[in-house]
2 protein chains.
Amino acid sequence: MVNILEIDYLVKYGRSMANANSPSPRSQRTRASLIAAGLDLLVDRPIDAIPIDDVVVRAGVAKGSFFNHFADKQDFAAAVAAEVREEVEGRVARANAGVADPVARIAGGMVVAAAFAEAEPRLATVLLRSQTPATSQSHPLNRGLRADIEAALELGLLRPEARGAGVLYWLGLCHVLMVNLVDTRPSREEAAQILSDMLALGLSGLGVPLHRAQDLARISRSPASK
Amino acid sequence: MVNILEIDYLVKYGRSMANANSPSPRSQRTRASLIAAGLDLLVDRPIDAIPIDDVVVRAGVAKGSFFNHFADKQDFAAAVAAEVREEVEGRVARANAGVADPVARIAGGMVVAAAFAEAEPRLATVLLRSQTPATSQSHPLNRGLRADIEAALELGLLRPEARGAGVLYWLGLCHVLMVNLVDTRPSREEAAQILSDMLALGLSGLGVPLHRAQDLARISRSPASK
DNA sequence: TGTACATCAGTGAACGCGCGTTCACTGATGTAC
DNA sequence: TGTACATCAGTGAACGCGCGTTCACTGATGTAC
């Protein structure tokens, strides 16, 4: 990857081209402040109802800085949403890191989604508000879901209809579950009950045998036992 | 309902009080034009991105008339969304008019939602864009759903977990199905296949026996047979 | 280590216009006698 | 049926300010020698 030109550049300027292109710490700090302010403000209002003045005041930077980092307000909103999406993706990946069974991985995605909605309702609100359609490829739960469903189908663990509609079905359930948890803010026990019921219904619909679905639903209620 | 005062009023002015309060035909026409313009424009942009000028030009009325009918832009957007919601509610009610079996009624709601998304993708887009949360009581499919699910539970037709999460589960599936149909605009055959698969997965999840779920899914593909 | 220079990001005042909202007036519709 | 009056909705010009965007300048950081 390091070619003659870059070596030359390294010698001359003491920085790799990658570093030369990467933002300075100061720049990173300003950007982070703006994103953090956006996360706060987007909880209560859609982006169009938020003046840039509010963002920069809360971020503690000058108005002009905003346009050093984002082309316009929409660009900014997209960056904030991407931030949350990446956070959720990371949590899903971590939760499923050592899990091989595709059905357990599918269930794990919903468990993480529910836990995120419960632990970070403000961030979850921003994610759900971001107009990224639930059905889209860029949905944070979608990344591995398609592969997991196909793997489970190969193993004969799901009913055949899941081949056509399984991904949509599961994303829809995770999405509506998050919306419900964020909107109603139930107690820890109530939330666990809703998740458990939703897992039982959802997995049964995919064709997972009742006892297995109920097992996974039960396990979801005591994450420590995982 | 007609009291002395109103009779007096009728004699005197030749109009019932209800009529006196109801808007004139001219007023209704103007309002309808504005709503129709809103339906057109809200397909492509959220309300905040639509200038009132655009609305009144398309409606062919003066700008001032807008504020004769709506308090502000948000009020207008709500009225437009309500319009679509009522349309969908009407279709669901009509489709389920003669159907007594609660499971068939539940399935019917999804069939209507899918048909609406397919036949009126523009209106469906407005409905799905309206920030009314899918989980809310005011969801057009929600009206009778809760009652149907409870009835089915009483008859022992659904698994017990549906008592806690059944409404949420079904609304989520209908919602994501509509989003998918509107976004991807599949062919008539593909749409029928997705609906059929989703019905099979969804009903199985509720605890409907496989053969019954597949029956209802099959029937959904030839509405004429209803 | 020190000095001069180059680059990059931050700053906030200023601009200007898009757009929501108001209002005095007009014309249409309805009512009284 | 005709005339005078009252009410109601429509009209569009005018207002004004909120807010996105620009830009000349400053200070900080990095590089060369």
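Predicted model, so just to flag it, every value in this text is computed and none were measured. All chains are named by letter (A, B, ...) in the order of the sequence lines, taking the proteins before the strands, and each is independently numbered beginning at 1.
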Run the salt-bridge test on Asp54(B) and Arg45(B) with the 4.0 Å N-O cut-off and return the result as yes or no. yes
Which one of Leu127(A), Leu128(A), Leu42(A) satisfies the side chain to side chain contact (heavy atoms under 4.5 Å, CB included) criterion with Val84(A)? Leu127(A)
What does the B/S/- profile of nucleotides 12-26 of chain D look like, 5' to 3', with a 4.0 Å heavy-atom cutoff to protein? B------SBBB----
Asp48(A) vs Gln74(A) side-chain heavy atoms within contact, under 4.5 Å: yes
Describe, as an angle rounded to 10 degrees, how the axis at the first end of the helix from dG2(C)-dC33(D) to dC33(C)-dG2(D) is tilted relative to the axis at the last end, five pairs per end. 20°
Hey, what's the ring geometry for His175(B) with His175(A), parallel, tilted or perpendicular (30° and 60° as the breaks)? parallel
In this structure, which one of Leu199(A), Asp197(A), Leu195(A) forms a side chain to side chain contact (heavy atoms under 4.5 Å, CB included) with Leu177(A)? Leu195(A)
Interatomic distance, Arg29(A) CZ vs dA28(D) P [rounded to whole Å]: 12 Å
What string of B, S and - do you get for nucleotides 4-9 of chain C, 5' to 3', when a contact is any protein heavy atom under 4.0 Å? ----BB
Answer yes or no: is there an ion pair linking Glu87(A) with Arg91(A), defined by an N-O contact shorter than 4.0 Å? yes
Which pairs with one or both residues in residues 25-41 of chain B pass salt bridge (Lys or Arg N to Asp or Glu O under 4.0 Å), sequence neighbours excluded? Asp40(B)-Arg58(B)
Residue pairs passing the salt bridge (Lys or Arg N to Asp or Glu O under 4.0 Å) test where at least one lies in residues 62-71 of chain A, sequence neighbours excluded: Asp53(A)-Lys63(A)
Can you sort out the partners of Asp75(A) under side-chain hydrogen bond (donor to acceptor under 3.5 Å, both in side chains), two or more places apart, ordered by chain and number? none
Just wondering, do Glu118(A) and Pro186(A) contact through their side chains at under 4.5 Å, heavy atoms? no
